[in-house]
Structures are given as structure tokens and as C-alpha cells.
Amino acid sequence: MDDTAQPRVPDKPALEGLETKWQHRWDEDGTFKFDRSKSRQQIFSIDTPPPTVSGSLHIGHVFSYTHTDVIARFQRMRGREVFYPMGWDDNGLPTERRVQNYYGVRCDPSLPYDPGFEPPAQPPKQPLSISRPNFIELCERLTKEDEKAFEHLWRYLGLSVDWSMTYATIDRRSQRVSQIGFLHLLKKGLAYQLEAPTLWDIDFRTAVAQAELEDREREGAYHRLRFDRSNGVAVEIETTRPELLPACVALVAHPDDVRYQPLFGTDVLTPLFRSRVPVLAHALADPDKGSGIAMICTFGDITDVTWWRELSLPVRAVIQPNGTLRPVTWGEPGWASEEPASAQSLYDQIAGQSIAKARTRIVELLREQGAMIGEPRPIVHNVKFFEKGDRPLEIITSRQWFIKTVDQRAALIERGRQLQWYPEYMRVRYENWVNGLSGDWCISRQRFFGVPFPLWYPVNGAGLVDYSRPIVPDEGRLPIDPSTDVPDGYREEQRNRPNGFSGDPDVMDTWATSSLTSQIVSGWCRDDDLFARVFPMDLRPQAHDIIRTWLFSSVLRAHLEHNSLPWHHAAISGFVTDPDRKKMSKSKGNVVTPFALLEEHGSDGVRYWAAKGGPGVDTMFDAGQMKVGRRLAIKVLNASKFILGKSDPLGPITAPVDRAMLHNLAVIVEQTTQALDAYEYGRAIDLVEREFWGFCDDYLEFVKGRRYGDQGSAGSASANAALIAALGVYLRLLAPYLPFATEEVWSWWKSGSIHRASWPTRQELTVGIEVGDSDLTTWSYARELLAEARKRRSEAKQPLKVPIINAVISDVPERLQMLDAIDADLRAAVRIDVLTRNPRPGELSIEVEFGAAPA
RNA sequence: GGGCGGUUAGCUCAGCGGUAGAGCACCGGCUUUACACGCCGGCUGUCACAGGUUCGAUCCCUGUACCGCCCACCA
């Protein structure tokens, strides 16, 4: 470092342009380039959340990514080599939807690839059908554009990412890791396929996982229906899904319910379709709900699935994957009816219709037949939705791939306890989720833009696909797309032919890939040397809304694959809320474009606001705080200009006030370091900011006169040296928060980046400075006197140019002794001609006598 | 229904056993040669409510209310 050169201080320092200037300089200088020669102990590795590129950029991103960057810059300055890659999540449904709308296309997997395809300039009114490979090409093309916009924003915000280490969740590397990970689970028996009832979105026409569900309140109605018994007495049940009546396979009541105990083991006839179904007992039936007896349909909700499984009931499925009622022939096996002809004529009136239409019609029919008692009773209840979906989920039986999770429950809870959470209480959400897992993780999706299952299946002589014997590729071939790649020993002509093969048509849940981001960035199965240096990683930063998805699935995958945690620490950010305390999101129309904010308040100003929102805390969007941050950054520039503007003479730090100020700063350094070590970035900036502002308003004012030479060369030399030492420390304490302003000042004065400078320590401030216990008291006494004297001047409304000709300081003798050390500085700072000491017991007080105003 | 977090100055929040704090806002003053994107000073609080522990509670315990969030098998 070249600290002795004369600082080059601009006349009018300003924040404008610093973002552009320094992001380019950092890029050219490779300031944040990861040095992979460092050992595991020297490295701090971060598993950055890859933002969904097809989503819009919003202030919530800026908020949480700033938190991570503050930690990254802090660790880097502490001497850790920070491994800080950036990913783009371009895999999955959001991208598919965006591509469909942007280009006006839709994917038809039956079409062949067209190598020369170009999308129309304007999206056509009627969506254009294109092949899956063509669709994926468009996905990739559009996400490239989105990624550029994101990177631009991140660089402008000042994220200290190594931009040579980016990845996308759909790129070949991620696909390969994702497919290897899947094949490992398959080999260990931890992944399996099953033909089973699965949560299904009828609009997207895909299976979804438990983690992607959300409850929404919907209006519904209880319909009271009469089921006939052979003895002529009717049983009344209540249902909100009358359209599922044809799918009814049993009635169920609680085993202890005396009202229905006589019915257990008997049969009843369903209304309209006259299907004979048993009355059964099961503990899940709630005597207080409805009439206390329920109809079991295949399938109306998850409880139906439980009953169906535990009571060994048959399947009578009526809902098709597209959400319409399938055609049924009553009287055929599985569709028994006492009166098949009338059942058929009634059912034909709802077959092929949507769920909503079928419901309306079936209620009319029930009325006509007198099978409905009274009017439907409106209720509001929670209904399960796919989080991205518009209509309630159905349960459809289909072949899907699963990863075993439920039998890992205890081990996953234990992993959660090994993980260090910030804040601690976020662990509870994880445990709630793990304890509430109701089934294994369904990872197959009937979609197009995603990582395909790296599998084919043999097709037998009759042309039927044999799913029980998947054909697995060599790991060396991965990634593959079974819809275009051909398994070893087969030819393309055998695709979907008898005695040939058939590719798995599905893609994986995006979380099946995202759960491996720490493996993807760490070079798992690609770069063993790198992997050993960065994995398990140090930090997973993320927001709390995806604990059940991203965090959970990542812990699961690392546990199953490596028998370890994926990282040691999880730092959880809150949300950004609008003034009504609602989460800001695009759908609510309350999003603020982040780039305009960065330009208006400066990246440092916006970062300041973000950093004040501590770990886990939802934080209100507050432009006022951004302005405060901007002022802090400007203050840094101006105070630095003042301090560095005159560094001569420079000498030993002898003045008690100077030494006390530095000693006090050493305490702040310790406290700030502790806070940042505990990921308390909000508390840390509070500490530094408050002290820095006091340093400017009190200390600078206090020593200004002495520094200009009022008390001779030695006093000036001491002040200059103390000012410069303190400034160097403050800049470094602020550097993680205000990377642009601090770097700018550092460059006036030192060589190299402040972001590679070493974090300040207590020792650096106290070595060579003789500090007695009394010194801290000296500085606080000086501040007390300064405040008191200023108050007198303010009360008298006297401008500073009017001198105080005499100030009488009354205090206990022990404290008055300290005046000797600060007398001259104090008199200069408040313009006091004479200080008179008045020893006496009691509180400090000052009486002043003003002189005449100068002409 | 279960759980987690919160309730402190007009607003946003910090404090978490010992005389209530910061910033913003507001009011008054200051052209003081680093900064008017500034400086100085001032005003503002039954620390949600009710009990308990303690010499002492905003802070610990137990309830209650309200706000936000997470989870839940929602006939």
C-alpha cells in the first residue's frame, strides 16, 4: 500500500457516476475474482439464490441480495476468499408461460423439430404450435435477455459476485448434475415411480408437489344428499362436491359415532346412479362436520385418498387431466349400478363437461329426483390450489416419479438442528414443514421446459411401454434428452415401436434441480478439486417463503447424496412490504422498479435501507431511509475531503482527546465485528453510523482549530494523525454497506481496493497509543461539555461569531481536572474566550456571558 | 385447529432486569472556510392489556386482545 503519497481530493466530491465508474474498475481489476488456490479454511462459500429470470425485478430482490453482499464483503475483508457465484433460475413454468405470451407460441411435443424456425415478429392471435426442441430454444433465447437485465442491475447495485462464475438452472451443467443426482437416487432405491393419485392442476395439466400448494378461501356450499338403505330408511350426508357423486365408493363415519354404528358393514345406494356402496368406519371422520357421515369419492380431496388407501376401496375416477368428466359406461366392471340404464342417461348429461358445469347440472338432477334435502348451504372454506394455478387442484391417478422423504423425517429434523439459522426461530418453520410432510416428493411434471428424466423404457412386442424396467444411460452421456437421444443398443427408428424403446416424456420439478445448486456451483462430479475446497458450503442466504421448498429440498438432497448438510449457515431475509404491510408483489400491482430507485438514491443509499432490515424481519419499503443512506454516503465523501485535504504536519498522537476518540472507536470496531459475525448486519450499521455521525459533528468540530495550528505544530500533528487513523477505520467499517462511496475515497488516498483491504481491528487502533482508563472518560466529558455549551448558545440564539467572553463550568473537582486536557479545543469549538472553573458538588452546569457581536 | 414473530414518540424501528433511545417528521436558531444533500438546539411516550416473579419489569413468567406470517386431512 502506498499510504504516504499526497491524497488527491476532488473539489466537489459527488456520488453521481460512482456506480458506473467502480463496477467497471472492479471488473477490469478482477477485484472479486475467486482465487481457487485457497484452502477450505480460507474460503467462505455462498450458495446464492438464482433469481427467477422470467419474473420481474423488484425491490425485494435488491433487499435480500444486499444482505448477502454485505456479508460477502465483510468476510472478504476479514481475509476469507469469498466464493460467490450467481445463478439464473430459468427452468420451469414461469419461463414457459412467458415464452408462450412473448412469442405467441405453444408447445406441441408431437411435432418434429424445425431447425430453421424463426418466431414471427409479432405474436399471432392464434398461438403457433411448435415442437418441444423449438420451444426450448425460444425459452433459452428469451432467458438470455432476462439474464442480461439482471446482471446489469446486480452490477449497478454493487454485488461483489465473481461474474465469471454464473450458471443457469437449465444449462447443460445443471442438467447434468440434476440427472446424475436423480440416477444416484434411483440406484439407491430412493427414487421410485408409482401409478397413484396425485395432486393435479387441470389448467397446466401437470402433477404438482405438496410444497407447491397453497390454500385459498373459496365460497362453496354444503349439499345435503339422501342415500337410500335397503330397509327404506335414508342416510343423509353433506358434500361440497356433488359432481363427484358418480365417483362415490363408500360412506364413512367415526367408529365411536353411535348414530352410525348400526350402519357399519351395511350397504347404501347412491342417489341418481344407484350404485351400491358400503358404510365404513374410520377415525378421520369428524362427527361434528356436516351430518357426521361423509361420502368417499375417488378423489375429492386428500382425505379421500387416505380413506381409499386405508379402507382398500376401488377407484372410480371421473375427473380427467383436462378437468372434464370422463365418459363412463354404467353397468360395466367398476361402474356397477342397480339401474344402469337410468344411471347412464343421467350421467350422459354431465359427461364431457367441466367440473363447474357438471356441478350445476347434477344439482338440478338431484333436485328433480328429490334426492337433495333443502337448499345448498353457502360456506367459505379453504381449497387447495397450485400456487401458480387459477383453479382448484384435483386428484388424478397417474404414473409419477417420487423421492423418498417421509421415511427420512427424523434425519431431516436432525439436519435442521445441525444447521445454524439466522434468525434462530426460522428453524421452527422448517421443522413444522418436515413434521407435516404427508407424502413423498413428487418430482415429475408433465411439462416441456425443464430437465428431462434421463430414462427410456422398453416397448414390448405388443407396443406397450414397460415402465417397470427403465433403461438407464451411462453417467458419461449425461445430460441427455430421451425425446431426441437414443439409448445404447437401439436405433432412432425403434422409438415408440414394438420391441423398441420410448423416452420418459416428463421433466423434473424445478426444485429437483434447484435443490442441487450447491452441488452445481461447487463443481460436483465435474471439478473434484473445487468441490473439496467449497463444499459443504458456508452460507445459504434466502428468503423465508421458500424454506419449505428450496431450503428443505436442498437439505434433503445433500443428506441423501452426501450424508451431510449442504451448508453450515442459513441466513433468512424477510420480505419487503408496502405501507399497508402487504408483501410487495407483481400481482398486487404495488411493485417499485428497482433501477429507478438506484438512480435516484444511489446504490449506496438503497443498500443502506436494505441493510437496516435485520435477518428475518419484514421491512417496509421506505424511500426516506434511502435518502438517509444517501446522505450518509455524501457525508463520507465530504468528511473525507476535509480530513484528507490537509495531512501535514503528521506526528505522534499525543493529545488525550485524540487518543480517547481512537480508543472509543476501537470498542466500536469490536462491537461491529461481533454483530457482523452473527449476521446482525442491521445492528452493525446502526453502531457504525451513529458513531461516524458523532465523529463528524463532535470530534471534527472539536479538533478543527487545533488541526489548523491554533495550538502549535505538535497539536496539529496529533489531530491529523488521529483523523486519518479514524477515517481509515470508518471507511472500512462502512465499506460492506456503501461500497461505492468508500471505494471512491479510498482511491484518493490508497492503492488497491478497499474491498480487499483488511477488516479493522482493535489492535490496529490501540498499538502505539498510550491509553489509560481515564482517556475514555475524557472524550465523553468533552462531548458532554460541548453539548452543554452549544445548548447555552442555542438558547441565547447567538450566532457563532458572537464570542462567549466567559464560561463558568461548575462541577465536582475530579471531573474539572479533565478540563486541562480539553480546555483549548473546547474554547475553539464553541468560541469561548475564558473558561472559569467552579468546583462544587452536584451536576455539571455551565453559565455563559456573551460578548458583543463583531461589527 | 397447531405454531412462529410482532405490539415502545405522529411514522419506521432499536433497546430486553436498574433514571425511556435513534432516524424521519415537526418547531426554533445558525451563510461556522468538509458538507445547506449541511450544522446547533427543542418538543413528543400509563414501552398493547391483566395478573405474577423480583428490592426493582419495556425487558423474565402466565394469560388476554389485536397485527403479520407459516403449517394443518378443508366431507
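- A:L700 comes within contact range of at least one nucleobase, with a heavy-atom separation under 4.0 Å.
- Among the heavy atoms of the strands lying under 4.0 Å from A:E701 is at least one base atom, whether or not backbone atoms are also near.
- Residue A:F642 has its side chain nearest to B:rA34 when only B:rA34, B:rU32, B:rC40 are considered.
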>> Within the 4.0 Å limit for protein heavy atoms, which parts of nucleotides 14-20 of chain B are touched? Write it as a string from 5' to 3', B for base, S for sugar-phosphate only, - for none.
In response: -S-----

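- Residue A:R690 qualifies as open at atom CZ: its count of foreign heavy atoms under 6.0 Å is 12 or below.
- Between A:H544 and A:F575, the gap from one ring centroid to the other is short of 6.0 Å.
- Two residues are said to be in side-chain contact when any heavy atoms from C-beta on lie closer than 4.5 Å; A:L313 and A:T298 fail this criterion.
- We find that CG of A:L637 is positioned 13 Å from P of B:rG38, with the value rounded to whole Å.
- The side chain of A:M620 lies closest to B:rC13, out of B:rG29, B:rC13, B:rC40.
- A close approach under 4.0 Å does not occur between any side-chain nitrogen or oxygen of A:R429 and OP1 or OP2 of B:rC71.
- For B:rC59 and B:rU54, the P atoms lie 16 Å apart once the distance is rounded to whole Å.
- Among residues two or more places apart in sequence or in another chain, the side chain to side chain donor-acceptor pair (under 3.5 Å) test is passed with A:Y608 by A:K612, A:E689.
- A:K704 has its NZ atom 8 Å from the P atom of B:rU33, to the nearest Å.
- Contact check, A:K627 against B:rG23: no side-chain N or O comes under 4.0 Å of OP1 or OP2.
- Distance noted for atom C1' between B:rA14 and B:rG23: 10 Å (whole Å).
- In the set B:rG23, B:rG2, B:rG41, the nucleotide with an atom closest to the side chain of A:N432 is B:rG2.
- Under the 6.0 Å distance and 45° angle rule, A:R548 counts as a cation-pi partner of A:W433.
- At the heavy-atom level, A:A285 lies under 4.0 Å from base atoms of the strands shown.
- Of the P atoms belonging to B:rU8 and B:rA50, the separation is 16 Å, rounded to the nearest Å.
- Here B:rA72 is the nucleotide among B:rA72, B:rC70, B:rA75 with the atom lying nearest to any side-chain atom of A:W433.
- Judged by distance alone, with hydrogens and angles left aside, the side-chain atoms of A:D440 form a donor-acceptor pair with the main-chain N or O of A:T405 at under 3.5 Å.
- One can place NZ of A:K384 at 13 Å from P of B:rC70, the figure rounded to the nearest angstrom.
- Atom name C1', nucleotides B:rA36 and B:rG21: the rounded distance is 27 Å, in whole Å.
- Checking A:K801 against A:D697, the closest nucleotide of RNA chain B that is more toward the 5' end is the one next to A:K801.
- A:T303 comes within 4.0 angstrom of sugar-phosphate atoms only, judged by non-hydrogen atoms across all strands, and of no base.
- Taking atom P on both nucleotides, B:rC66 is separated from B:rC49 by 16 Å, rounded to a whole Å.
- Taking atom C1' in both B:rC47 and B:rG18, one finds a spacing of 16 Å when rounded to whole Å.
- The side chain of A:V628 lies closest to B:rG23 when the candidates are B:rG23, B:rC39, B:rC73.
- The distance from atom CD of A:E680 to atom P of B:rC13 is 16 Å, rounded to the nearest whole Å.
- For A:R630 and A:K612, each mapped to the nucleotide of RNA chain B holding its nearest heavy atom, the one lying further toward the 5' end belongs to A:K612.
- Residue A:T240 is in sugar-phosphate contact alone, with no base atom involved, counting any heavy-atom pair closer than 4.0 Å across all strands shown.
- Following rounding to the nearest Å, A:D288 (CG) and B:rC73 (P) show an atom-to-atom distance of 18 Å.
- Without hydrogens or angle criteria, A:R630 side chain to A:S603 main chain gives no donor-acceptor distance under 3.5 Å.
- Among the protein residues, A:Q210 comes within range of the sugar-phosphate backbone only, with heavy atoms under 4.0 Å from sugar or phosphate atoms but none that close to a base.
- Under a cut-off of 6.0 angstrom, the local environment of CD in A:E847 is sparse, with at most 12 non-hydrogen atoms contributed by other residues, nucleotides or ligands.
- Residue A:W609 is classed as having no contact, given no heavy-atom separation below 4.0 Å to the nucleic acid.
- Among the atoms of the strands shown, none is found under 4.0 Å from any heavy atom of A:Y430.
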> How does RNA chain B read in dot-bracket, base by base from 5' to 3', with Watson-Crick or G-U pairs under 3.5 Å and | used when the partner is on another strand?
Replying inline: ((((((((.[[[[.)..(..]]]].(((((.......))))).....[[[[[..)....]]]]])))))))....

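- A cation-pi contact, defined as under 6.0 Å to the ring centre and within 45° of the axis, links A:R707 to A:F642.
- Aromatic ring pairs are classed by plane angle as parallel below 30°, tilted from 30° to 60° and perpendicular above 60°; the pair A:Y430 and A:W421 is tilted.
- One can place CD1 of A:I804 at 13 Å from P of B:rG41, the figure rounded to the nearest angstrom.
- Among B:rG28, B:rA34, B:rG42, the nucleotide with an atom closest to any side-chain atom of A:K791 is B:rG42.
- Aromatic ring centroids of A:W511 and A:F552 lie 6.0 Å or more apart.
- When the C1' atom is compared between B:rC24 and B:rG42, the two are found 16 Å apart, to the nearest whole Å.
- Among the protein residues, A:R548 comes within range of the sugar-phosphate backbone only, with heavy atoms under 4.0 Å from sugar or phosphate atoms but none that close to a base.
- We find that CD of A:Q625 is positioned 10 Å from C1' of B:rA22, with the value rounded to whole Å.
- Here A:E238 pairs with A:R377 in a salt bridge; the nearest charged N to carboxylate O distance falls below 4.0 Å.
- In this structure, A:K635 reaches the bases: a heavy-atom distance under 4.0 Å links it to at least one base atom across the strands shown.
- Listed pair A:Y699 / B:rA34 fails the phosphate criterion, with no side-chain N or O lying under 4.0 Å from OP1 or OP2.
- Between A:F63 and A:W609, the distance from one ring center to the other falls under 6.0 angstrom.
- Contact annotation: A:H544 does not reach the phosphate of B:rC4 (side-chain N/O to OP1 or OP2, under 4.0 Å).
- Looking at the side chain of A:A787, the nearest of the listed nucleotides B:rG41, B:rA75, B:rU12 is B:rG41.
- In this structure, A:E424 places its CD atom where more than 12 heavy-atom neighbours from other residues, nucleotides or ligands lie under 6.0 Å away.
- Checked against B:rG5, B:rC40, B:rC70, the side chain of A:Y425 finds its nearest nucleotide in B:rG5.
- Among the nucleotides B:rG3, B:rC73, B:rC70, the one closest to any side-chain atom of A:V428 is B:rG3.
- Nearest nucleotide to the A:W307 side chain, out of B:rG38, B:rC35, B:rA75: B:rA75.
- A:C696 comes within 4.0 angstrom of a nucleotide base, judged by non-hydrogen atoms across all strands.
- Here the P atom of nucleotide B:rC73 and the CG atom of A:L199 are 10 Å apart, to the nearest Å.
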